[in-house]
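Beneath this line is the structure, given in structure tokens, with notes to follow.
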2 protein chains.
Amino acid sequence: MKNENKKLIYIVDDEPDICELLSLNLKKANFNIKTFYDGNTLFENLHNEIPELIILDIMLPDYDGFEICKQLKNNSKTYNIPIIMLTARDTVEDKVLGLEIGADDYITKPFSPKELIARINVQLRQSFNKSITKKLYFADILELDLDKYEVKVNNKKIDLTLTEYKILKLLAERANKVCSRERIIDYISSHEKYIYDRTVDVHIKNLRNKLGTAAALIKNIRGIGYKLITELEYENS
Amino acid sequence: MKNENKKLIYIVDDEPDICELLSLNLKKANFNIKTFYDGNTLFENLHNEIPELIILDIMLPDYDGFEICKQLKNNSKTYNIPIIMLTARDTVEDKVLGLEIGADDYITKPFSPKELIARINVQLRQSFNKSITKKLYFADILELDLDKYEVKVNNKKIDLTLTEYKILKLLAERANKVCSRERIIDYISSHEKYIYDRTVDVHIKNLRNKLGTAAALIKNIRGIGYKLITELEYENS
DNA sequence: CTGTTTACATATAGAATAATTAAAAAAAAT
DNA sequence: ATTTTTTTTAATTATTCTATATGTAAACAG
């Protein structure tokens with residue numbers, strides 16, 4: 001039996017019975033399962049392997065499930081993993097807390113395995129759309145590697161300062177959408193420090209200089225801000 | 001006052017009481033709400049405006065909620081809109097069906113408004129990355145993309161100045177309703193700065209020039225102001 | 001049909017915004 | 001502590017947009 005196509009799901013729960021039950025059902029539904037009885041072993045494993053989804057209980061011997069969830073969602077390596085909280089704690093407050101903290105779904109015990117599987121599939125369907133790739137391309141000439149903090153223009157690496165890189169990244173992640181100068185300032189500087197509007201203009205100018213051919217990808221939207229376009233446009237006179 | 005930042009949510013339910021209750025709660029949570037009592041009016045509106053999320057009941061006078069969901073998820077204009085099914089049908093079979101058909105969440109009545117809001121926020125959080133774009137459509141020829149500050153006529157991008165864009169946006173958001181020149185001036189200028197009435201006329205004229213085929217969508221209402229219509233009318237003499 | 005009102009069109013001054021340059025201030029590296 | 005790099009501000013230039021004036025056409029009322 002190959003697990004090649006089987007999607008890997010982590011189950012974190014300290015009750016062996018539940019793990020057993022879940023594991024059985026999910027394996028039947030053609031998933032590849034690993035179970036963990038506490039938070040520490042989960043974190044250890046995450047170093048080597050990233051699952052496609054995590055099913056998380058709240059009451060664990062070492063950590064609090066909410067805490068784990070928060071940590072996973074605050075880490076760039078793991079924040080993309082959908083988390084389904086599966087727990088006996090069924091008050092509205094707990095649900096709201098879990099969902100606000102970053103959980104993608106919250107199911108209370110006792111649960112229907114069929115519904116759980118359906119909800120797992122919803123998450124997997126959605127994360128299919130999320131950019132799994134950490135590389136962004138623009139008009140075949142600009143390439144951003146978010147893992148390596150690397151920018152290439154026509155396959156040639158260019159050096160950017162941190163702020164320049166941040167601005168480019170912000171624009172790149174909202175490709176084609178306009179970012180106000182205000183928003184850009186918010187993003188590049190640790191708040192609580194007033195920075196002048198025109199500063200952004202200067203950064204943009206420097207960025208454009210370094211981008212060379214790709215400079216035209218950064219468009220100014222008069223009165224609003226800037227945007228990075230994905231395709232070069234041709235002027236029609 | 002402005003709904004600029006308020007996210008637009010559609011509620012589709014044939015029970016006025018539920019609509020009322022939902023509407024109240026969601027407005028309090030700072031959302032912008034529109035309610036629909038059947039599928040047809042929903043589809044009509046989707047033609048002109050794309051909300052950020054839809055809350056959908058199953059039992060409706062004309063269509064079946066499952067059917068609506070399926071259609072929305074199969075249409076390129078709407079498949080990105082998160083759908084939360086909110087219904088009294090609480091069997092596992094119904095839930096599984098709804099989720100498999102493409103719903104992003106499934107909540108059963110009676111529900112906790114707080115949990116609903118938390119789940120709405122989960123969806124909006126996720127769609128932040130998705131390429132959801134607030135778009136408005138008019139008569140199949142005019143398209144407004146609010147995030148990109150982009151206007152297309154017959155799928156061709158046209159460049160507008162900020163004021164022109166603002167006017168068009170204002171008219172678009174109040175489609176088919178007349179906007180007085182006064183109101184338009186209010187909207188385009190930072191208040192407390194008197195601007196002459198005729199100025200609006202000039203902007204409208206420039207706007208029409210740029211809109212080409214779509215120019216006819218901007219109607220003047222003598223003595224009152226202007227409006228943007230959603231369907232082209234044919235003159236009868 | 002005529003006069004009056006309102007909308008539409010054109011041209012233009014100057015207001016507003018962006019790009020560029022240079023230089024001061026802050027941060028990082030040596 | 002000094003040098004280098006980066007970030008921010010300030011000042012200048014270039015560009016685009018806005019608002020008004022003015023003139024023409026269309027709609028309306030009597």
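Within every chain, numbering begins at 1; the chains are lettered A, B, ... in the order of the sequence lines, protein sequences first and strands thereafter.
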Rounded to whole Å, CG of B/Asp197 lies from P of C/dC8 at a distance of 13 Å
Closest heavy-atom contact between B/Ile11 and B/Ser23? CD1-N, 4.0 Å
Using a cut-off of 6.0 Å, state whether more than 12 heavy atoms not belonging to A/Asp140 lie near its atom CG. no
Can you see whether B/Tyr137 has B/Lys77 sitting over its ring - NZ or CZ less than 6.0 Å from the centre and within 45° of the normal? yes
If every non-hydrogen atom of A/Cys179 is compared with every non-hydrogen atom of A/Arg174, which pair is closest and at what distance? SG-CG, 4.0 Å
Check this for me: B/Glu15, atom CD, are more than 12 non-hydrogen atoms of other residues, nucleotides or ligands nearer than 6.0 Å? yes
Interatomic distance where CD belongs to B/Glu164 and C1' belongs to D/dA19 [whole Å]: 13 Å
More than 12 non-hydrogen atoms from neighbouring residues, nucleotides or ligands closer than 6.0 Å to CZ on B/Arg183, yes or no? no
Protein-proximity profile, nucleotides 23-30 of chain C, B/S/- by nucleotide at the 4.0 Å heavy-atom cutoff, equals --------
In whole angstrom, what separates B/Ile195's CD1 from C/dA15's C1'? 12 Å
Would you say C/dT6 has OP1 or OP2 under 4.0 Å from some side-chain N or O of B/Arg181? no
Counting only heavy atoms and a strict 4.0 angstrom limit, can you tell me which residues of residues 202-210 of chain B come near DNA chain C? B/Val202, B/Lys205, B/Arg208
Could you walk me through whether B/Thr213 and B/Asn154 satisfy the side-chain hydrogen bond (donor to acceptor under 3.5 Å, both in side chains) test, starting with their C-alpha distance in whole Å, then the side-chain angles of each, then the deciding distance to 0.1 Å, before giving a yes or no? CA-CA 8 Å; B/Thr213 332; B/Asn154 295 321; 3.2 Å; yes
Please check the phosphate of D/dT7 (OP1 and OP2 only) for any side-chain N or O of A/Thr199 closer than 4.0 Å. no
Looking at A/Thr161, does any N or O in its side chain come under 4.0 Å of the phosphate oxygens OP1/OP2 on D/dT6? no
Contact class for A/Tyr226 (heavy atom, under 4.0 Å): base, sugar-phosphate, or nothing? sugar-phosphate
Evaluate the side-chain proximity of B/Asp201 to B/Lys205: yes if any heavy-atom separation is below 4.5 Å, no if none is. no
Value for CD1 (B/Ile218) from CG (B/Leu207), rounded to nearest 0.5 Å, stands at 4.0 Å
With a 4.0 Å cut-off, would you call A/Glu49 and A/Lys34 a salt bridge? yes
Nearest-nucleotide comparison on DNA chain C, the residue closer to the 5′ end among B/Gly225 and A/Ile224: B/Gly225
Rounded to whole Å, OH of A/Tyr196 lies from P of C/dT17 at a distance of 12 Å
Value in whole Å for how far the C1' atom of D/dT20 lies from CD1 of B/Ile188: 13 Å
CG of A/Asn220 versus C1' of C/dT17: gap in Å, rounded? 8 Å
Check whether any side-chain nitrogen or oxygen of A/Arg198 sits under 4.0 Å from OP1 or OP2 of C/dA18, and answer yes or no. yes
Are B/Tyr149 and A/Lys227 close enough that some pair of their side-chain heavy atoms sits under 4.5 Å apart? no
Please report, rounded to the nearest Å, how far the P atom of C/dA18 is from the NZ atom of A/Lys227. 14 Å
Base-contact (B) and sugar-phosphate-only (S) positions in nucleotides 25-30 of chain D, heavy-atom cut-off under 4.0 Å, - elsewhere: -BBS--
Quick check: closest heavy atoms across B/Pro82 and B/Asp104, and the distance to 0.1 Å? CA-OD2, 3.4 Å
